[in-house]
Amino acid sequence: MTYEVAVRAEATLGEGPTWDAAAGRLIWIDILGSRVHTYDPATGARTVRVTEQHVGAAKPRVGGGLVLNLRDGVGLVDPDGEFRWLHREPVPGRRANDAAVAPDGALWVGTMRYDEAACGGTLSRITGDGSVQLVLDDVAVSNGTGWSPDGRLMYYIDSPTRRIDVFEYADGRVSKRRRFAEVEAGAGFPDGLTVDADGCVWVALWGGSAVRRYTPDGELERVVSLPVPLVTACAFGGADLTDLYVTTARVGLNSPHPVAGSLLVVPGAGKGLAQPAFDG
Ligand SMILES: O=C1O[C@@H](CO)[C@H](O)[C@H]1O
């Protein structure tokens, strides 16, 4: 499988690709650059929004606009671009990281410490009325989160564990956490993830110059090698959800590869799942 450069950028910490089906565009972010990018593959049109704080994730909302997982909490951007906080919980030394919209339209938001200290991060569930449920409070780097096609399993990554874990999921609750797969030492750390229509789990490898595809049984089925070490997240996009978009980073690299920090795409990589928008 070969990659193409979808958007040549020099994102410090490119992350969070998400297909916004209603708008027909890909959303992606630069966490430490405090920017939300959009890209329309049909026209090449691009937009950039500077956010109020470091932004860990940006997802489409039902009815338009965005929900943002920001350093100090969760904010809403209306279709006309107006911002307001939904939930503010500033914690010194902690920032937002990856987030994902669950099948019921709730947003699962992760945090981490800037120093990536163990057990300094969290995973929480927030609904459109602003109610927040703390799910995990012993997280190091809360990262990829995704659901199986039938919505009964939730996959989750806390990067320093090197594991991809899986939970039973029902009605906004998780149980029976167990190991799904593990990234061996020297191959990088699991970062973002997405689940495809076959129930396979695609995992971006921070420091691993690749995206891996695991079968529903947790077996490594495919490796898509990429020319940059910091591969941060992946998501299917395009009108038929068959193109795999991959975000990359250049943070901390002395002489980064020319495409480090760009949005890459692997055309025809597979078939993704339609992602729900945040119901709030
Ligand atoms: O998603 C992320 O991965 C880490 C590195 O593990 C990065 O800083 C964070 O945003």
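Starting from 1, each residue takes its place in the sequence as its number. When a ligand or atom number is given, it counts from 1 through the structure's own listing order.
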Novice: Whether Asp78 and Arg61 form a salt bridge (side-chain N of Lys/Arg under 4.0 Å from carboxylate O of Asp/Glu) is what I want to check.
Specialist: yes

Novice: With sequence neighbours left out, what residues match Asp150 under side-chain hydrogen bond (donor to acceptor under 3.5 Å, both in side chains)?
Specialist: Ser148

Novice: With sequence neighbours left out, which residue pairs that include part of residues 177-223 fulfil the ring pair (Phe, Tyr, Trp, His ring centres under 6.0 Å) condition?
Specialist: Tyr155-Phe180, Trp202-Phe236

Novice: Does a side-chain N-to-carboxylate-O contact under 4.0 Å join Asp165 and Lys176?
Specialist: no

Novice: Counting only pairs under 3.5 Å, give me each side-chain donor-acceptor contact of residues 221-228, with atom names and distances, residues two or more places apart or in other chains.
Specialist:
| residue | atom | partner | partner atom | Å |
| --- | --- | --- | --- | --- |
| Glu221 | OE1 | Arg213 | NH1 | 3.1 |
| Arg222 | NH1 | Ala269 | O | 3.1 |

Novice: I need the contact residues for ligand 1: any residue with a non-hydrogen atom closer than 4.0 Å to the ligand, ordered by chain then number.
Specialist: Leu13, Glu15, Ile31, Arg95, Asn97, Met112, Glu116, Asn143, Asp191, Trp206

Novice: Inspect the contact between Glu89 and Arg71 and indicate whether a charged nitrogen and a carboxylate oxygen are less than 4.0 angstrom apart.
Specialist: no

